[in-house]
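In what follows, a single structure is set out as structure tokens and then discussed.
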Amino acid sequence: MLADAYDFLLKLLLVGDSGTGKSCLLHHFLENQFKKDSVNTIGMEFGTRIVHIADKSIKLQIWDTAGQERFRSLTRSYFRGAAGALVVYDICNRETFLGVHSWLSDVRSLANPELVVILVGNKSDLADEREVSYLEASRFAQEHEMMFLEASALTGDAVEEMFFKCARSILSKIE
Ligand code: GTP
Ligand code: MG
């Protein structure tokens with residue numbers, strides 16, 4: 001088999017307010033380590049990784065968008081065709097949790113109303129500085145038909161899981 005052969009190609013979006021750790025999550029998923037000195041993403045960056053789920057090779061094409069307001073209309077224009085979205089907030093910054101609403105409506109209206117959405121509370125390593133409880137976020141996710149987990153791009157906790165959960169859920173819908 002060719003090194004790059006795969007059965008499915010899935011486009012996933014990483015969205016959420018600036019500073020929530022989207023680029024660090026992606027970096028950990030691709031490189032298996034914490035990205036030190038991460039800088040604000042300009043526009044958009046990409047990453048791909050092939051994963052194996054139920055005897056299938058799935059190429060995940062992950063679009064890491066800029067959370068800064070000035071890039072909002074640019075990044076929105078790339079949402080079309082996404083099969084899934086990971087909406088990230090920072091558990092230590094309530095404002096970024098309040099921002100989830102508008103990211104959610106953006107991805108549902110511009111990508112696909114049926115897309116799989118996972119709410120990700122990042123920086124779970126900083127639980128002492130928490131401003132959003134696990135319970136509140138999981139209730140919010142349930143009300144808005146998203147899956148939910150907390151992760152840490154610093155320790156790597158639940159980073160694999162968030163992408164695999166998303167991919168598995170998409171596959172279960174299309175197979
Ligand atoms: P934009 O590209 O501007 O949208 O931001 P972003 O969401 O990509 O944030 P980025 O990944 O660049 O991380 C922002 C800051 O949070 C950096 O200083 C990271 O070191 C820090 N950070 C990211 N993830 C974690 C984490 O899981 N734990 C801790 N403690 N810090 C983190
Ligand atoms: Mg970034």
Side-chain angles (χ1 to χ4, degrees), residues 10-49 60-82 84-111 115-138 140-141 144 146-167:
L10 300 182
K11 173 175 174 177
L12 306 183
L13 304 172
L14 263 171
V15 299
D17 285 358
S18 180
T20 53
K22 299 176 296 298
S23 298
C24 290
L25 288 164
L26 178 59
H27 186 83
H28 204 291
F29 184 61
L30 300 180
E31 309 290 338
N32 204 27
Q33 60 183 8
F34 183 56
K35 180 184 195 178
K36 295 198 186 84
D37 310 318
S38 182
V39 294
N40 292 118
T41 304
I42 304 295
M44 161 94 74
E45 284 166 23
F46 260 122
T48 62
R49 178 174 150 187
L60 301 181
Q61 184 186 74
I62 304 159
W63 299 51
D64 172 24
T65 66
Q68 286 180 304
E69 190 60 39
R70 63 194 169 113
F71 296 113
R72 193 93 179 211
S73 59
L74 172 81
T75 53
R76 275 170 156 177
S77 66
Y78 293 101
F79 287 4
R80 233 152 56 130
L86 298 128
V87 181
V88 184
Y89 70 95
D90 173 352
I91 68 160
C92 306
N93 182 337
R94 186 158 191 90
E95 207 175 309
T96 66
F97 179 66
L98 301 177
V100 167
H101 254 120
S102 76
W103 291 109
L104 185 61
S105 72
D106 272 8
V107 294
R108 289 213 165 118
S109 62
L110 299 166
L115 94 169
V116 169
V117 186
I118 313 234
L119 178 65
V120 179
N122 188 37
K123 310 195 187 180
S124 64
D125 56 287
L126 298 176
D128 292 351
E129 296 166 43
R130 177 189 288 279
E131 290 184 2
V132 183
S133 77
Y134 186 93
L135 189 63
E136 180 182 9
S138 67
F140 178 82
H144 295 273
M146 300 180 269
M147 288 178 280
F148 168 62
L149 45 76
E150 287 188 348
S152 170
L154 179 68
T155 64
D157 188 46
V159 174
E160 291 270 304
E161 193 188 341
M162 63 186 254
F163 290 99
F164 273 84
K165 211 178 173 81
C166 190

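Both counts, for ligands and for their atoms, begin at 1 and track the order of listing. One-based numbering along the sequence shown. Note that the structure is a prediction, hence the values are computed from the model and not measured.
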Any side-chain heavy atom of Val117 sitting closer than 4.5 Å to one from Arg108?
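Of all side-chain heavy-atom pairs linking Arg108 with Val117, at least one is under 4.5 Å.
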So do the side chains of Ile62 and Phe46 get within less than 4.5 Å of each other, counting heavy atoms only?
no
Atom of Leu60, atom of Ala167 and distance for their closest heavy-atom approach:
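It is CD2-CB, 4.0 Å.
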Phe163 ring centre to Arg49 NZ or CZ under 6.0 Å, with the angle to the axis within 45°?
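No, cation not above the ring by the 6.0 Å, 45° rule.
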So which protein heavy atom does [atom] come closest to, and at what separation?
atom                    : value
atom 9 (O) of ligand 1  : Gly21 N, 3.2 Å
atom 11 (O) of ligand 1 : Cys24 N, 2.9 Å
atom 5 (O) of ligand 1  : Gly19 N, 3.0 Å
atom 7 (O) of ligand 1  : Lys22 NZ, 2.7 Å

Where on [X] is there a heavy atom closer than 4.0 Å to ligand 1, on the side chain, on the backbone, on both, or on neither?
X      : result
Asn40  : both
Ala66  : backbone
Asn122 : side chain
Thr41  : both

Any donor-acceptor pair under 3.5 Å linking the side chain of [X] with the backbone of [Y]?
X     : Y      : value
Arg94 : Glu131 : yes
Ser38 : Cys24  : no
Thr65 : Leu14  : yes

Is atom 18 (O) of ligand 1 touching the protein, meaning some protein heavy atom lies under 4.0 Å away?
no
Ligand 1 atoms in contact with [X] (distance to a heavy atom under 4.0 Å):
X      : value
Leu126 : 30 (N)
Ala153 : 24 (N), 26 (C), 27 (O)
Ser38  : 10 (P), 11 (O), 12 (O)
Ser23  : 8 (O), 11 (O)

State whether a side-chain donor-acceptor pair under 3.5 Å links [X] with [Y].
X      : Y      : answer
Arg72  : Ser102 : yes
Asn122 : Ser152 : no
Thr41  : Ser23  : yes

Select the closest option to atom 16 (O) of ligand 1 among Glu150, Lys123, Gln68, judged by heavy-atom distance.
Lys123
Under 4.0 Å between a side-chain nitrogen and a carboxylate oxygen: does that hold for Lys22 and Asp64?
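So Lys22 does not pair with Asp64 through a salt bridge.
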Between ligand 1 and [X], is the shortest N or O to N or O distance under 3.5 Å?
X      : result
Asp125 : yes
Ala151 : no
Phe34  : no
Gly67  : yes

Verify the ring-centre separation between Phe140 and His101: is it less than 6.0 angstrom?
yes
Between OG1 of Thr41 and OG of Ser23, what angle is found at the Mg ion (ligand 2), rounded to 10 degrees?
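The two atoms form an angle at the metal of about 90°.
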